[in-house]
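The structure under discussion appears below in the form of structure tokens.
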Amino acid sequence: MAFGLIEIPLLPEVRETFAGTSWLLESLDPDRPHQLSQSVSWHGRLMVLAWSVLFPAGIIAARFFKITPRQTWPDELDNKTWWYLHLTLQYLGGTAMLAGFLMIWLGSGGNPAAPYHRMFGYGVITFGLLQFVAGWLRGTKGGPTDPGPDGSISGDHYDMTPRRRIFETCHKLVGYGVLLVASATLWSGLLTVNAPNWMWGVLAVWWSVLIAVFVILQRRGYAVETYQAIWGPREGRNITR
């Protein structure tokens, strides 16, 4: 069995166990070898970690867990569990993404192969970083749970200023969009390195699970507007979802 450029011999018992599933170790194109340098291997692992695990988990936390199952909303407001989860997972994802980029950049001498994969990859990294910049520029929060130094409850979020409206629209649209492009980029990466069938299968099953979780939580009404989760029902307030 090959991991990168390292060949690990399998015991006869192990070979016999997996004899009927040897196709999982085969590649889509039998005429191309699947031999990777360590930099390429770690680039792939880190990018899968970032874009298939950490970023999607952060999105799910932000969308569906603004109100936790045991929270007595609206008596209990502004539960920051989702916020800390989202922030932690997104920063971990960004770290993994940049580390994966450095692995392939340094390992390839600044000229990664596969032009189409490289083009999509640069786009994903660029817009991924812009999401962090947008978050830093989202404006002030305000509201009775986070008053200013002078006691004022005015804030970009509480007042739903144009700045906050633009941020919410762009942050959501770009976030979902870049995740879709990133998933396509991961698939193109598997094609580029002629990955074995088990990698395709594992990634397909995992993304199916993510989509199923998203759909189930959405249908069960777990998606709650941020404004209402923080400040309660919004009747009488001039804001939009």
Side-chain angles (χ1 to χ4, degrees), residues 4 27-29 34 36-64 82-83 85-138 166-196 198-215 218:
S27 298
L28 288 178
D29 185 356
H34 174 64
L36 310 179
S37 66
Q38 289 299 312
S39 62
V40 173
S41 294
W42 278 104
H43 166 75
R45 293 164 185 160
L46 289 167
M47 287 305 188
V48 168
L49 175 64
W51 291 103
S52 287
V53 180
L54 296 172
F55 284 139
I59 290 175
I60 289 174
R63 183 166 182 83
F64 299 113
W82 73 272
W83 169 247
L85 279 173
H86 180 67
L87 201 66
T88 300
L89 290 166
Q90 302 312 82
Y91 274 112
L92 288 174
T95 301
M97 177 186 72
L98 291 177
F101 170 73
L102 288 176
M103 290 298 297
I104 196 65
W105 180 264
L106 297 176
S108 64
N111 185 32
Y116 58 91
H117 181 72
R118 180 170 67 245
M119 178 182 66
F120 283 114
Y122 284 152
V124 165
I125 291 172
T126 299
F127 281 97
L129 292 176
L130 285 176
Q131 283 291 84
F132 287 96
V133 175
W136 298 330
L137 299 177
R138 67 187 180 279
I166 292 172
F167 161 74
E168 289 200 359
T169 300
C170 294
H171 194 61
K172 292 175 183 177
L173 290 177
V174 174
Y176 288 123
V178 74
L179 187 64
L180 289 175
V181 176
S183 65
T185 306
L186 292 177
W187 293 110
S188 72
L190 294 182
L191 186 63
T192 298
V193 300
N194 197 30
W198 72 265
M199 291 185 182
W200 294 87
V202 168
L203 205 58
V205 170
W206 175 247
W207 274 95
S208 297
V209 170
L210 287 176
I211 293 171
V213 168
F214 191 97
V215 171
Q218 182 70 31

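This structure is a prediction, so every number in the text was calculated from the model and none was measured. All values below were derived from every heavy atom in this structure, side-chain atoms included, with hydrogens, water molecules and symmetry-related copies excluded.
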Check your understanding: At what distance, to the nearest 0.5 angstrom, does CD1 of I59 lie from NZ of K172?
Key -> 12.0 Å
Review point. In Å and rounded to the nearest 0.5 Å, what is the CG to CD1 distance from L89 to I60?
Key: 10.0 Å
Review point. When rounded to the nearest 0.5 angstrom, what is the spacing between CG in L46 and CD1 in I104?
Key: 11.0 Å
Review point. So which heavy atom on A50 is nearest to which on G93, and how close?
Key: CB-O, 3.5 Å
Practice item. For the pair L137 and F167, evaluate side-chain contact (heavy atoms from CB on, under 4.5 Å) and give the outcome as yes or no after the intermediate values. Key: CA-CA 8 Å; L137 299 177; F167 161 74; over 6 Å; no
Exercise for review: Look at atom CZ of F214 and say whether more than 12 heavy atoms of other residues, nucleotides or ligands are closer to it than 6.0 Å.
Suggested key: yes
Practice item. Just say parallel, tilted or perpendicular for the rings of F132 and W136, cut-offs at 30° and 60°. Key: tilted
Review point. For V178 and F127, which heavy atoms make the closest approach, and how far apart are they?
Key: CG2-CB, 3.9 Å
Study note, to complete from the structure: side chain to side chain contact (heavy atoms under 4.5 Å, CB included) with L49: of L54, T95, L92, only one passes, and it is L54
Check your understanding: Would one find more than 12 heavy atoms of other residues, nucleotides or ligands at under 6.0 Å from atom CZ of F120?
Key -> no
Exercise for review: Establish, from distance only, whether the side-chain atoms of W206 and S52 form a donor-acceptor pair under 3.5 Å.
Suggested key: no
Point to revise | Heavy-atom closest pair, residues G128 and W51 | key: CA-CH2, 4.3 Å
Review point. Any side-chain heavy atom of W105 sitting closer than 4.5 Å to one from H43?
Key: no
Practice item. First locate atom OG of S208, then atom CG of L203, and finally report the distance between them rounded to the nearest 0.5 Å. Key: 9.5 Å
Review point. Any luck finding a side-chain donor-acceptor pair between H117 and S188 under 3.5 Å?
Key: yes
Review point. Looking only at heavy atoms, what is the nearest atom pair of F101 and M47, with distance?
Key: N-CE, 3.6 Å
Review point. Should the heavy atoms of other residues, nucleotides or ligands under 6.0 Å from CH2 of W42 be counted, would the total exceed 12?
Key: no
Review point. Is there side-chain contact between L129 and M97, with at least one heavy-atom pair below 4.5 Å?
Key: yes
Check your understanding: So, for G58 and Q90, which heavy atoms are closest and what is the spacing to 0.1 Å?
Key -> CA-OE1, 3.3 Å
**Study point:** Backbone of H171 reached by a side-chain donor or acceptor of Q131 within 3.5 Å
**Key:** yes
Practice item. Hey, could you give me the OG/CZ distance between S41 and R45, rounded to the nearest 0.5 Å? Key: 5.0 Å
Point to revise | Residue pair L210 / P56: nearest heavy atoms and the distance that separates them | key: CD1-CB, 3.9 Å
Check your understanding: Hey, are the side chains of Y122 and T185 touching, using non-hydrogen atoms and a 4.5 Å cut-off?
Key -> no
Review point. Run the side-chain contact (heavy atoms from CB on, under 4.5 Å) check on R63 and Q218 step by step: do they pass?
Key: CA-CA 9 Å; R63 183 166 182 83; Q218 182 70 31; 3.0 Å; yes
Review point. Just how far is it from atom OG1 of T192 to atom CH2 of W187, taken to the nearest 0.5 Å?
Key: 13.5 Å
